[in-house]
Protein chains: 2
Amino acid sequence: MDDEPSIVRALRINLTARKYEVSTATDGASGLAAVARDRPDVMILDLGLPDMDGTEVIRGVRGWTSTPIIVLSVWGEESRKVAALDAGADDYVTKPFGMDELLARLRAAVRRASSAPDEPVVSTGHFTVDLAAKRVTRQDGDDVSLTHTEWQLLEVLVRNRGRLVTQRQLLQEVWGTAYETESNYLRVYVAQLRRKLEPEPSQPRYLLTEPGMGYRFGG
Amino acid sequence: MDDEPSIVRALRINLTARKYEVSTATDGASGLAAVARDRPDVMILDLGLPDMDGTEVIRGVRGWTSTPIIVLSVWGEESRKVAALDAGADDYVTKPFGMDELLARLRAAVRRASSAPDEPVVSTGHFTVDLAAKRVTRQDGDDVSLTHTEWQLLEVLVRNRGRLVTQRQLLQEVWGTAYETESNYLRVYVAQLRRKLEPEPSQPRYLLTEPGMGYRFGG
DNA sequence: GCTGGGCGTTAAGGTTTTATCAAGATCGTC
DNA sequence: GACGATCTTGATAAAACCTTAACGCCCAGC
């Protein structure tokens, strides 16, 4: 999906030559329709669309599928790239780009998506999180009871184990788009999770803060 | 592409002897046409063209491809070199130059362009940068914790690995357009990164200074 | 040998971000 | 409608960070 005909054409030619099936669109609305209709393995999205903001498109797609999304942006659009990644994009390529680079990222995206049988149980030295059963057990045997909100927050962090998750991303996933800036919620709930899970809540071992960026589940 | 016949001839002879396919031009317009026609792996561009400014040529090429561009300039044309790099050139060589140096930079440019940046993980001998997880691990196993600003700066440099990134570009990406001239910030933050990443911060191996130009992530 | 510019280094001030606590509002259930 | 649990909100203290300025170094040019 791209609003520049020349790029769309070049991509179509290159990808078709490599035996990809390609369908294209030149604005957000028809792009969303095409994704719903064709169920592609990957989506390539230019952030400069004529009719709507790129992040809106991403959210539209993420509402019902985890199809990998690769974003195209021009040099210097750092904040828009970050917004796109926050909204759920998987990777980005800066224009102008070499076809080789795009193809490499495309392959990587497909590979990641097809080999993602996420592990339903995650263990640390002090507790075990069972994502399927929605259950947390401390290593001494006690079950930890979490509220709905606490669980949702923990689940997002655990599913991204080792990865930094931005505040915006967490707020969006747990509280919804409207709460993107309410970082107070995060502090309160991260503190509650720490009190329930960490051996020493004041010196977190698993629920780590990355100041200015977000949180990370490590261990 | 060069307006001095003797240099063009010397380059052609040397490069052809080393099994490169060479096509030449002596002004900007025909140079652009040649790039479009021949799709070279690398472009060598002299900044002193008769018909148009070198940066115009760079922008013309960058509009549709990321083919590496190596700039030739005479000594003392600092500002023009910077402008060329800002416009999207990959590297520069100052005239008069040794053929060995040019060949080395040429090989480096080709290698960079063809090595697909498949994985969002970049490793050096001393540390590993995981761009997706926003995580830096030292080879001895310790995680390095970076602040938001430090991380952004490192990310830009790593994504342009081996390539010279101008001060202006860095400032623009990390601090925004309004800070284009605050090169003080760069010194402070590059120093901090070196202290955290380099085995010997006072003799950088990876975060390299290009005096008057910018910085380069090598290794 | 002096001077000036660019770079590296350091430390302190002020600001922003985070942790913690507690009280009020809301929700679901009985 | 009452109760308990949960969620929201606000206040305050603590920590981390960004910015700024000063100083020393090195190199090039005079």
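Every chain is numbered from 1 and lettered A, B, ... according to where its sequence line falls, protein lines coming before strand lines. In what follows, every heavy atom counts, from backbone to side chain, and hydrogens, waters and symmetry copies are set aside. Keep in mind the model is a prediction, meaning the values are calculated, not measured.
Residue contacts shown for A/Tyr179 are absent, as no nucleic acid heavy atom lies under 4.0 Å away. Among the atoms of the strands shown, only primed sugar atoms or phosphate atoms (P, OP1, OP2) are found under 4.0 Å from some heavy atom of A/Ser202. Contacts of A/Arg195 with the nucleic acid, taken as non-hydrogen atoms under 4.0 Å apart, are absent. Among the atoms of the strands shown, none is found under 4.0 Å from any heavy atom of B/Ser183. Contacts of A/Gln167 with the nucleic acid, taken as non-hydrogen atoms under 4.0 Å apart, involve only primed sugar atoms and P, OP1 or OP2. The residue B/Val190 sits apart from the nucleic acid: no heavy atom pair falls under 4.0 Å.
Taking atom NE2 on A/His148 and atom C1' on D/dT8, their separation rounds to 16 Å, with Å as the unit. Whole-Å rounding puts the A/Asn184 CG to D/dA11 P distance at 11 Å. For the pair A/Glu150 CD and D/dT8 P, the computed distance is 12 Å after rounding to whole Å. In this structure, CG of B/Leu146 is placed 15 Å from P of D/dA16, rounded to the nearest angstrom. Rounded to an integer number of Å, the gap from B/Arg168 CZ to C/dG6 P is 14 Å. Atom CD of A/Gln203 and atom P of C/dT18 are 19 Å apart (whole Å). With rounding to whole Å, A/Gln192 atom CD is found 13 Å from C/dA19 atom P. Going from atom NZ of B/Lys81 over to atom P of C/dG6 covers 14 Å, rounded to whole Å.
For D/dC17, the OP1/OP2 oxygens have no side-chain nitrogen or oxygen of B/Thr147 closer than 4.0 Å. Between A/Tyr215 and the phosphate of C/dA19, there is a side-chain N or O to OP1/OP2 separation shorter than 4.0 Å. Taking only side-chain nitrogens and oxygens, A/Thr209 never comes nearer than 4.0 Å to OP1 or OP2 of C/dT18. Put simply, A/Trp175 has a side-chain N or O that comes within less than 4.0 Å of OP1 or OP2 on D/dT8. Residue B/Arg187 places no side-chain N or O under 4.0 Å from the OP1 or OP2 atom of C/dG8. The shortest distance between the side-chain N/O atoms of B/Tyr189 and the OP1/OP2 oxygens of D/dC17 is not below 4.0 Å.
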Check against ring pair (Phe, Tyr, Trp, His ring centres under 6.0 Å), A/Tyr189 and A/Trp151: CA-CA 10 Å; A/Tyr189 277 88; A/Trp151 173 260; over 10 Å; no
Before giving the answer on side-chain contact (heavy atoms from CB on, under 4.5 Å), spell out for B/Lys134 and B/Glu155 the whole-Å C-alpha distance, their side-chain angles and the decisive distance to 0.1 Å. CA-CA 9 Å; B/Lys134 289 202 196 302; B/Glu155 179 165 0; 4.0 Å; yes
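B/Arg62 places a side-chain N or O within 3.5 Å of a backbone atom of B/Thr67 that can act as its donor or acceptor partner.
Closest to the side chain of B/Val188, from the set D/dA16, C/dG8, C/dT9, is C/dT9. Among the nucleotides D/dT19, C/dG6, C/dT20, the one closest to any side-chain atom of B/Tyr185 is D/dT19.
Residue B/Tyr215 is tested with B/Leu157, B/Val165, B/Leu153 for a side chain to side chain contact (heavy atoms under 4.5 Å, CB included); the sole match is B/Leu157. B/Val57 pairs in a side chain to side chain contact (heavy atoms under 4.5 Å, CB included) with only one of the listed residues (B/Leu32, B/Asp46, B/Val71, B/Ile69), which is B/Leu32.
Salt-bridge annotation for A/Glu200 and A/Arg194: absent, with no side-chain N of the basic residue lying under 4.0 Å from a carboxylate O of the acidic one.
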